[in-house]
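Reviewing the structure listed below.
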Amino acid sequence: MNIQGNRQHSCKLKFKEQSILDRNPRQVHGFVEDVYGEKVATVFGKWDDSMYYVNGDGNGKPKDCSPSSNASLLWKRTNPPPNLTRYNLTSFAITLNELTEGLQEKLPPTDSRLRPDQRHLENGEYEKANAEKQRLERRQRMVWLTPLVPD
């Protein structure tokens, strides 16, 4: 995977193929390069757990991709919440769709947080959410099936 940054840096990542006998699966390893192609950092870890970096070309990076004392944490997976939600969302993900006080007045009318079916779903009113979604779909179908009248 090649990731272009801010024109000053880019990152090349390689996802290690997993074999049946692999004792350390889901590994990722790569380099951050500057505009001259010089390796300025090494990135490594597991795509489903955590990623680390070491400044430079990776000298001192452990062979098993475990963090060493000179490695810095880039990202670490958070554990699922203790009380799983219907869609196993994290607490952060759940808050992304909330309508907090004063927010509704600032949102455009097309914002998905204002959809009636979405509101019913978030309030646990699954039957109402399904009925509203079906109503909207019928309405959309009617618009598409209505022949255009020439002016």
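Just so it is clear, the model here is predicted, and its values are computed rather than measured.
- Checked against salt bridge (Lys or Arg N to Asp or Glu O under 4.0 Å), R115 has the following partners two or more places apart in sequence or in another chain: D117.
- Contacts of N130 classified as side-chain hydrogen bond (donor to acceptor under 3.5 Å, both in side chains), with partners at least two apart in sequence or in another chain: none.
- Atom-to-atom distance recorded for W47:CH2 and W75:CH2 is 9.0 Å, nearest 0.5 angstrom.
- Inter-residue side-chain proximity for M1 and F15 is flagged as met; some heavy-atom pair is nearer than 4.5 Å.
- For K133, the salt bridge (Lys or Arg N to Asp or Glu O under 4.0 Å) criterion is met by E137, not counting sequence neighbours.
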| Passes side-chain contact (heavy atoms from CB on, under 4.5 Å), S50 versus L73? Steps please. | CA-CA 8 Å; S50 56; L73 179 68; 4.2 Å; yes

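- With contacts defined as side-chain heavy-atom distances shorter than 4.5 Å, the pair Y52/L74 does not qualify.
- More than 12 heavy-atom neighbours from other residues, nucleotides or ligands sit within 6.0 angstrom of CD on E125.
- Considering only residues two or more places apart in sequence or on other chains, N6 meets the side-chain contact (heavy atoms from CB on, under 4.5 Å) condition with Q8, H9.
- Between N2 and C11, the closest side-chain pair of non-hydrogen atoms is not below 4.5 Å.
- Here the side chains of V35 and R7 are not in contact, with every heavy-atom distance at 4.5 Å or above.
- Side-chain contact between L13 and V43 is present, with heavy atoms from C-beta onward closer than 4.5 Å.
- We find the CG-OH distance between L121 and Y126 to be 6.5 Å, quoted to the nearest 0.5 Å.
- Partners of D48 according to the side-chain hydrogen bond (donor to acceptor under 3.5 Å, both in side chains) rule, which considers only residues two or more places apart in sequence or in another chain, are R26.
- The side-chain contact (heavy atoms from CB on, under 4.5 Å) search around M142 returns none, not counting sequence neighbours.
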Exercise. Could you go through the side chain to side chain donor-acceptor pair (under 3.5 Å) check for K46 and N24 one step at a time?
Key: CA-CA 9 Å; K46 292 186 175 190; N24 201 359; 2.8 Å; yes

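- Hydrophobic clustering places V40 together with I3 (ILVMFWY residues linked when any side-chain heavy atoms are closer than 4.5 Å, directly or through intermediates).
- Here the side chains of E132 and P116 are in contact, with some heavy-atom distance below 4.5 Å.
- Residues satisfying the side-chain hydrogen bond (donor to acceptor under 3.5 Å, both in side chains) test with N97, not counting sequence neighbours, are E122.
- Under the side-chain contact (heavy atoms from CB on, under 4.5 Å) criterion, L107 pairs with L99, L103, D111, R113, L114, sequence neighbours left out.
- Listed by chain and residue number, E33 satisfy the salt bridge (Lys or Arg N to Asp or Glu O under 4.0 Å) test with K12 (two or more places apart in sequence, or in another chain).
- Taking 4.5 Å as the limit, every side-chain heavy atom of N123 sits out of range of all side-chain heavy atoms of K128.
- The salt bridge (Lys or Arg N to Asp or Glu O under 4.0 Å) test applied to D49 returns no partner, not counting sequence neighbours.
- The side-chain hydrogen bond (donor to acceptor under 3.5 Å, both in side chains) search around E38 returns none, not counting sequence neighbours.
- The side-chain contact (heavy atoms from CB on, under 4.5 Å) check on R139 picks up R135, with sequence neighbours excluded.
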